[in-house]
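Read the structure below first, then the notes.
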Amino acid sequence: MLHINPTKTNSWKKLLIHFNKIKDLNIIDFFKNDKNRFNRFSYFLNKNILIDFSKNILNNKTIKLFLKLLNEINFNYYLLSIIEGRKLNFTENKFVTNFLLRDVNNFFINNKYIKCKNLLTEKKFIDNNLSKIKLFTKNILRGKWLSFSKKKIINIVNIGIGGSDLGVRTIIKSLNLYKKKNINMFFVSNIDVEDIYNVLNKISPENTLFIICSKSFTTQETILNFNISRKWILDYYKNNILSLNNHFIIVTSNYLKAKEYNLNDNNIFIVSNWVGGRYSFCTPFGLAISLFIGFKNFKKLLLGAHSIDKHFFFNDFNKNIPILLAIISIWYNNFFKFNNELILVYNEKLSLFPLYLQQLFMESNGKNIDYNNNLINDYNTSQVLFGGLGTISQHSFFQLLHQGTHIIPCDFIIECCYSNNIYNSYYKLLSNLISQSQSLAFGSNILNNKNLFINHNKFIGNRPNNVLLIKKINPYNIGSLIALYEYKVFTQGVIWNICSFDQYGVELGKKMSNLIYPLIKKNNLDINKKYNFFLDSSTINLIKNFKKFNNNNNK
Ligand code: F6P
């Protein structure tokens, strides 16, 4: 059977029985009863990443029952569908073949895994794009591509939002050690023009390149910021339209819309329409990454993701890390009803990673309609994901993590090859991560003298968490880490019987914004006029009072 409500399966019913048997067990007891627990519930990924999932309220039977569930819902069909080119993005009728974007050495083609002609054609298009990225990167970094006033480009401004910004921003922040000298990166997303002017005020038009990233090329934030940057360049070059080709690159799936801006085809990178924004870091949407770390390192980023593609497609489910992370997450979300999830990164360079995963997780799986067009009302889909920097969050929301009524499973992530241990700061960073993971899991039991803790300062513990040790934050491992979570999201979406690849949920807000905008722009709001939408007293008075505050402010 395919596309079934998971709660109707026999395996789900057995998991419920199993849940009632173990739900009140303590994580610390799992360790006391099994000295070998860590070895049983931890795996090395490519020898570069250690996943420790031993501090969870689960045992081998839990994993076995979930594996039965995967078999019962025919998970293998979905996994093979990716490679065979079936359109798993069933609402938009599109491929879900992100693995093609990073198969830079043609592993899947050379080993004859790809039979679908459309995918073979796609792969040629993808290879051409990679060659174009490589050439463009070389031309910029070697000073062959100059500004209109014949200056070397040193400032790159990536203008985009959501998947056209978060991936690039997160990856560049994490790989600052690989920064090409004389390249300064800037990012603009917000429609609040303070964002773009904070950048423009720091740089000069004569050595700046703008990369305008928008798959649809209709996103209002990006088009507005594009228009501001375009005027900024034209003002500098006294409205000489020819200057645009030296200072603008467009990355989009909407060639026709892009062509309206008088740029050469050489300045336009086209991305296949089946690639979702939040899955697009391996495409020309990652152009700024290649400029920042060089094409060789950009290729390593893709190879790291590719290594997880192979892990996901060829590893048995019980040793398949994305699948295990997905199983653990569903165990808490759908059986324990822990409906939040937390990503805690302990390295400054990973500080944007939780933000990136928010879009990846919640824009993919924040859905309430299943494959069969039914409203989902008997189980939860995506958790609410949030996150932050480890030690800083320990002084903000860790109180709730330890003693709140909500139990929030966490992923702790840290790099192990530190570059600076001054005053043993790195050991202190690691000791914070490890002690937080321990005390969340074991509570006050961790200390022999439990009398220290009564009532208000008692720590019940039993707050589950995974720990990911990354040997070194480098392009390869960042690519692996992202792909790991991409496939966790994929696996959860299949189990939840939803489409993880569309995002209709963002459309209503966009539509209403375009309808409300004229009401704000006009001087007087005519409330008796017939509108083709429900105009409520809150909206009317918010607009009115916004204007009153604004006018007062101008007095
Ligand atoms: O948030 C909605 C969304 O469509 C994302 O899926 C996408 O990454 C972002 O907006 C930007 O869209 P575009 O790349 O079309 O500008």
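Note that ligands are numbered from 1 as they come in the structure, with each ligand's atoms numbered from 1 the same way.
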Checklist line | Verdict with reasoning, Y78 to R86, per side chain to side chain donor-acceptor pair (under 3.5 Å) | finding: CA-CA 9 Å; Y78 301 91; R86 278 190 287 277; over 6 Å; no
Next item on the list: Indicate the atoms forming the closest heavy-atom contact of F125 with I270, along with that distance.
Entry: CZ-O, 3.3 Å
Notebook entry, point to check: Can you name the closest pair of heavy atoms from Y487 and P322 and give their distance?
Noted result: CB-CB, 3.5 Å
Starting from [atom], find the nearest protein heavy-atom neighbour and note its residue, name and distance.
| atom | value |
| --- | --- |
| atom 15 (O) of ligand 1 | S216 OG, 2.6 Å |
| atom 14 (O) of ligand 1 | S164 OG, 2.6 Å |
| atom 9 (C) of ligand 1 | I161 O, 3.6 Å |
| atom 3 (C) of ligand 1 | K510 NZ, 4.1 Å |
| atom 5 (C) of ligand 1 | E363 OE1, 3.3 Å |
| atom 12 (O) of ligand 1 | T219 OG1, 3.5 Å |

Which atoms of ligand 1 sit under 4.0 Å from any heavy atom of [X]?
| X | result |
| --- | --- |
| G162 | 8 (O) |
| Q359 | 5 (C), 6 (O), 8 (O) |
| V506 | 1 (O), 2 (C) |

Check: Taking the six-membered ring of F285, is NZ or CZ of K215 closer than 6.0 Å to its centre and within 45° of its axis?
Finding: no
Notebook entry, point to check: Honestly, is K300 close enough over Y476, meaning NZ or CZ under 6.0 Å from the six-membered ring centre and within 45° of the axis?
Noted result: no
Check: Y356 and F361: ring-ring contact (aromatic ring centres under 6.0 Å, His included), yes or no, with the steps?
Finding: CA-CA 9 Å; Y356 176 75; F361 281 43; 9.6 Å; no
Checklist line | T219 versus S216, side-chain donor and acceptor atoms under 3.5 Å | finding: yes
Item checked: Heteroatom proximity flag, G163 to ligand 1, N/O under 3.5 Å -> yes
Margin query: Please confirm whether the ring centroid of H247 lies under 6.0 Å from the ring centroid of Y236.
Written below: no
Note to self: At under 4.0 Å between heavy atoms, is it the side chain or the backbone of E221 that contacts ligand 1, or both, or neither?
What the structure shows: neither
Notebook entry, point to check: For ligand 1, is any non-hydrogen atom under 4.0 Å from K215's backbone (N, CA, C, O), its side chain (CB onward), both, or neither?
Noted result: both
